[in-house]
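Here the structure comes first, spelled out in structure tokens, and everything after it is commentary.
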Amino acid sequence: MAVVEVEGLHKRYGETVALDGVSFTVEQGEIFGIVGPNGAGKTTLVECVEGVRRPDAGRIRVLGLDPLRDRARLRQVMGAQLQGGGLPDKLRVGEAVALYRSFYTDGADPERLLDGLGLTGKRDTAFEDLSGGQAQRLSIALALVGAPRIAVLDELTTGLDPRARRTTWALIEQIRETGVTVLLVTHFMPEAERLCDRVAVIDRGRLTALDTPAGLIALAGERTGVPATGTASLEDAFLALTGRPPEEESL
Ligand code: ADP
């Protein structure tokens with residue numbers, strides 16, 4: 001069953017074309033990656049799926065709901081990760097999770113969630129006193145506290161150390177095992193390779209490839225005429241399929 005259906009999505013900001021005819025579907029229980037160079041249109045795409053941005057043309061259905069028309073119902077079944085801050089400085093971790101839990105009729109057990117993310121000891125810590133990694137884990141907790149059927153995670157493990165990153169990946173895999181569908185926007189190719197069932201490559205507003213990580217590696221070999229070797233990674237494929245290295249994004 002398709003959980004997300006996107007068909008012919010177009011969006012422009014003035015002269016800038018952010019999305020230029022993007023179509024794909026995401027099946028239930030998939031971890032679906034969205035990768036692409038900076039400015040490719042990834043954020044615009046997920047914002048349209050979340051119903052916080054109106055496309056110029058195209059059709060979106062999430063669990064059969066129209067994200068704009070059925071926004072209130074969608075909120076009950078979709079969890080999204082907060083971007084950069086977004087919480088009052090003095091709000092404590094436990095309070096933030098309880099507050100977000102109160103937005104949902106059904107939800108996860110806050111204690112178990114905090115425990116799974118290694119935040120139990122930080123329950124009484126104010127948001128302003130959290131390290132970058134702890135704030136990041138809190139944003140994941142807030143995306144999951146409504147026990148969503150679909151979770152949109154953006155830059156999931158940015159700022160986490162390798163151990164916390166591994167723990168977070170394991171948590172996402174556990175969540176998937178409960179049937180939750182995950183849309184994962186990432187710049188970090190090892191993360192997409194490790195977690196994603198399929199990965200959409202967006203470049204200049206277009207979907208330029210969509211396949212499993214192994215399929216993308218093979219496709220990059222075909223497109224470049226250099227067959228992929230056993231050691232080829234998704235990062236190699238990303239470079240070949242977008243024609244620009246991910247490092248350029250931070251320049
Ligand atoms: P990504 O998430 O892949 O970096 P975005 O969806 O943020 O890409 O941006 C796609 C394009 O649209 C970029 O050229 C960006 O500068 C432009 N853009 C994004 N948001 C706005 C906005 N609110 N107003 C004008 N241009 C925007």
Side-chain angles (χ1 to χ4, degrees), residues 4-26 30-62 67-68 71 74 78-86 132 135-136 139-140 142-143 150-160 168 172 181-193 195-196 198-211 213 216 219-220 234-251:
V4 180
E5 297 169 77
V6 172
E7 210 178 293
L9 208 60
H10 286 263
K11 176 71 187 178
R12 56 196 304 162
Y13 304 102
E15 292 296 295
T16 305
V17 177
L19 295 174
D20 191 10
V22 172
S23 303
F24 60 87
T25 57
V26 180
E30 269 195 298
I31 301 183
F32 186 90
I34 298 172
V35 306
N38 214 11
K42 304 181 295 297
T43 305
T44 303
L45 172 61
V46 293
E47 285 177 351
C48 290
V49 171
E50 288 168 355
V52 297
R53 205 169 276 288
R54 181 181 292 276
D56 299 330
R59 179 179 182 275
I60 306 178
R61 290 290 177 276
V62 181
L68 289 170
R71 206 163 144 193
L74 187 61
M78 177 184 269
Q81 207 179 347
L82 287 173
Q83 286 303 295
Q136 182 78 354
S139 79
I140 296 167
L142 299 181
I150 172 166
V152 181
L153 304 172
D154 199 339
E155 300 305 321
L156 177 68
T157 59
T158 303
L160 298 189
T168 305
I172 299 306
T181 306
V182 178
L183 277 193
L184 180 71
V185 181
T186 185
H187 281 107
F188 189 46
M189 294 305 134
E191 176 164 291
E193 193 166 359
L195 281 182
C196 296
R198 290 190 301 150
V199 177
V201 182
I202 308 283
D203 196 11
R204 301 180 180 96
R206 289 171 180 258
L207 181 72
T208 60
L210 170 58
D211 210 328
L216 289 178
L219 178 68
L234 188 61
E235 185 155 275
D236 298 322
F238 178 90
L239 299 179
L241 293 170
T242 63
R244 275 172 289 166
E247 287 89 328
E248 276 184 22
E249 293 169 12
S250 55
L251 296 179

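Starting from 1, each residue takes its place in the sequence as its number. Counting starts at 1 for both ligands and their atoms, in listed order.
When all heavy atoms of V199 and L234 are compared, the closest pair comes out as CG2-CD2, 4.4 Å.
Taking a cut-off of under 4.0 Å to the non-hydrogen atoms of P37, the atoms of ligand 1 that pass are 3 (O). Close approach to A40 involves these atoms of ligand 1, each under 4.0 Å from a residue heavy atom: 1 (P), 3 (O), 8 (O). Atoms of ligand 1 found under 4.0 Å from any heavy atom of N38, numbered from 1 in the order shown, are 4 (O). Close contacts between ligand 1 and T43 involve ligand atoms 1 (P), 2 (O), 6 (O), 7 (O) [criterion: under 4.0 Å to a heavy atom].
A search for side chain to side chain donor-acceptor pair (under 3.5 Å) contacts involving D56 returns nothing, not counting sequence neighbours.
Taking a 4.0 Å cut-off on heavy atoms, G36 fails to register as neighbouring ligand 1. Ligand 1 has no atom lying under 4.0 Å from any heavy atom of G14.
In this structure, Q81 contributes its side chain and D154 its backbone to a donor-acceptor pair below 3.5 Å. With hydrogens and angles ignored, the 3.5 Å screen pairs a side-chain donor or acceptor of K42 with a backbone N or O of G36.
In T16, the part holding a heavy atom less than 4.0 Å from any atom of ligand 1 is the side chain.
In terms of protein heavy atoms, atom 19 (C) of ligand 1 is closest to Y13 CE1, 3.4 Å. Here the heavy atom of the protein found nearest to atom 4 (O) of ligand 1 is G39 N, 2.7 Å. Atom 6 (O) of ligand 1 has its closest protein heavy atom at T44 OG1, 2.5 Å. With respect to atom 8 (O) of ligand 1, the closest heavy atom belonging to the protein is G41 N, 3.0 Å.
Side chain to side chain, E191 and T157 meet the donor-acceptor criterion of an N or O pair below 3.5 Å. Under 3.5 Å, the side chains of E5 and T25 contain no donor-acceptor pair of N or O atoms.
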In a table with atom names and distances, give each donor-acceptor pair under 3.5 Å that connects a side chain of residues 43-52 to protein atoms at least two apart or in another chain.
unit_1	atom_1	unit_2	atom_2	d
T44	OG1	Y13	OH	2.8
E47	OE1	R53	NE	2.6
E47	OE1	R53	NH2	3.3

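In this structure, atom 16 (O) of ligand 1 has its sub-4.0 angstrom surroundings free of protein heavy atoms.
Within a 6.0 Å radius of CZ in R206, no more than 12 heavy atoms belonging to other residues, nucleotides or ligands are found.
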